[in-house]
Undergrad: 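Sharing a structure with you now.
Heads up: numbering here begins at 1 and tracks the sequence.
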Amino acid sequence: MAAKLDYHWHLRKVMADRGLFSTTDLIPLLDERGINLSSSQVYRLVVERPERLSLQILMALLDILDCTMDDLIEPVAPVGAGSTARTKKAVGAETGAGDLRPKRARIRGVERP
């Protein structure tokens with residue numbers, strides 16, 4: 001199974017660092033850059049962690065807040081990553097057969113054409 005990627009969304013903190021404390025403060029700034037979002041869409045963008053985000057909106061936010069993607073998005077390593085790698089095991093591998101391996105069969109006495 002593929003590793004599950006996760007991230008932290010820091011838009012609210014970056015806005016506060018820039019003196020923008022209300023989510024509606026973003027609406028006219030986004031509108032100046034051609035991004036038309038309703039107040040509820042902007043609220044969800046600021047308060048919740050977006051699962052999908054258009055690159056136009058992301059670039060507008062970076063321009064408005066004069067920040068980088070690293071300031072807005074912080075990747076988070078999955079829990080337990082790096083300590084032990086999960087590998088698939090063959091059926092019956094949990095019984096602990098150790099180094100026992102079957103021998104390859106050799107067929108003798110058969111003539112080949």
Side-chain angles (χ1 to χ4, degrees):
M1 189 161 111
K4 189 165 184 151
L5 303 176
D6 205 7
Y7 64 96
H8 291 294
W9 181 242
H10 297 292
L11 178 57
R12 188 177 200 89
K13 180 187 177 304
V14 174
M15 282 177 61
D17 292 343
R18 307 299 192 272
L20 298 169
F21 297 102
S22 176
T23 58
T24 56
D25 293 341
L26 274 181
I27 295 173
L29 299 172
L30 287 167
D31 195 41
E32 290 173 8
R33 289 157 179 85
I35 306 293
N36 299 313
L37 297 177
S38 68
S39 59
S40 63
Q41 288 173 316
V42 174
Y43 177 81
R44 286 194 311 267
L45 181 65
V46 174
V47 176
E48 298 173 7
R49 187 177 80 162
E51 293 298 319
R52 293 178 299 277
L53 182 66
S54 76
L55 290 176
Q56 287 83 11
I57 294 173
L58 178 61
M59 296 309 294
L61 290 172
L62 296 178
D63 184 45
I64 291 166
L65 300 170
D66 191 30
C67 64
T68 65
M69 285 195 327
D70 292 338
D71 298 328
L72 287 179
I73 305 167
E74 176 190 352
V76 177
V79 177
S83 59
T84 57
R86 285 184 83 177
T87 57
K88 290 185 179 180
K89 294 183 179 180
V91 174
E94 61 274 355
T95 59
D99 293 330
L100 298 176
R101 299 271 184 222
K103 291 185 179 180
R104 186 174 195 157
R106 291 187 185 176
I107 299 174
R108 297 182 186 185
V110 178
E111 292 185 29
R112 296 185 183 178

Undergrad: Using the test side chain to side chain donor-acceptor pair (under 3.5 Å), find all partners of T24 that sit at least two apart in sequence or belong to another chain.
TA: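 By the side chain to side chain donor-acceptor pair (under 3.5 Å) rule, T24 matches S22.
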Undergrad: On a heavy-atom basis, which atom in H8 and which in V76 lie closest, and how many Å separate them?
TA: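 Minimum heavy-atom separation between H8 and V76: CD2-CG2, 3.0 Å.
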Undergrad: Please find the pair of heavy atoms, one from C67 and one from V14, that lie closest to each other, and give the distance.
TA: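 Minimum heavy-atom separation between C67 and V14: SG-CG1, 4.1 Å.
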Undergrad: Please examine the side chains of T23 and S39, heavy atoms only from C-beta on, and report whether any two atoms are closer than 4.5 Å.
TA: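 S39 vs T23: side chains apart.
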Undergrad: Can you list the residues that meet the salt bridge (Lys or Arg N to Asp or Glu O under 4.0 Å) rule with D25, with sequence neighbours excluded?
TA: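 Once residues adjacent in sequence are excluded, D25 has no partner under the salt bridge (Lys or Arg N to Asp or Glu O under 4.0 Å) criterion.
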Undergrad: Which atom pairs, one a donor and one an acceptor, fall under 3.5 Å between side chains of residues 30-38 and the rest of the protein, sequence neighbours left out?
TA:
residue : atom : partner : partner atom : Å
R33     : NE   : D63     : OD2          : 2.6
R33     : NH1  : L29     : O            : 2.8
R33     : NH2  : D63     : OD2          : 3.3
S38     : OG   : S40     : OG           : 3.1
S38     : OG   : Q41     : N            : 3.2
S38     : OG   : Q41     : OE1          : 3.4

Undergrad: Sub-3.5 Å donor-acceptor pair from the side chain of R12 to the main-chain atoms of V46, do we have one?
TA: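 Checked: no pair found.
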Undergrad: Please tell me whether F21 and V47 are part of a single hydrophobic cluster in this structure, the criterion being side-chain heavy atoms less than 4.5 Å apart.
TA: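 Shared cluster, no.
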Undergrad: Roughly how far apart are L61 CG and L53 CG, rounded to 0.5 Å?
TA: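 The CG atom of L53 is 7.0 Å from CG of L61, to the nearest 0.5 Å.
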Undergrad: Flag the pair L5 / P75 as yes when at least one side-chain heavy-atom distance between them is below 4.5 Å, and no otherwise.
TA: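 No, every pair of side-chain atoms sits at 4.5 Å or beyond.
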Undergrad: Go through the structure and list residues passing side chain to side chain contact (heavy atoms under 4.5 Å, CB included) with D17, not counting sequence neighbours.
TA: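 Counting only residues at least two positions away or on another chain, D17 forms a side chain to side chain contact (heavy atoms under 4.5 Å, CB included) with K13.
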Undergrad: How far does CG of L65 sit from CG of L11, to the nearest 0.5 angstrom?
TA: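 Taking CG in L65 and CG in L11, the distance rounds to 6.0 Å.
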Undergrad: Using a 3.5 Å distance criterion without hydrogens, assess whether the side chain of W9 forms a donor-acceptor pair with backbone atoms of L45.
TA: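 Present.
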Undergrad: For the residue pair R18 and D71, what are the closest heavy atoms and their distance?
TA: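 Heavy-atom minimum between the residues: NH2-OD2, 4.5 Å.
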Undergrad: Got a sec, which residues hit side chain to side chain contact (heavy atoms under 4.5 Å, CB included) with M69, two or more places apart in sequence or on another chain?
TA: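 Side chain to side chain contact (heavy atoms under 4.5 Å, CB included) list for M69, sorted by chain: L58, L62.
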Undergrad: Kindly write out the residues that satisfy side chain to side chain donor-acceptor pair (under 3.5 Å) with E48, not counting sequence neighbours, or none if the list is empty.
TA: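 So E48 forms no side chain to side chain donor-acceptor pair (under 3.5 Å) with any residue.
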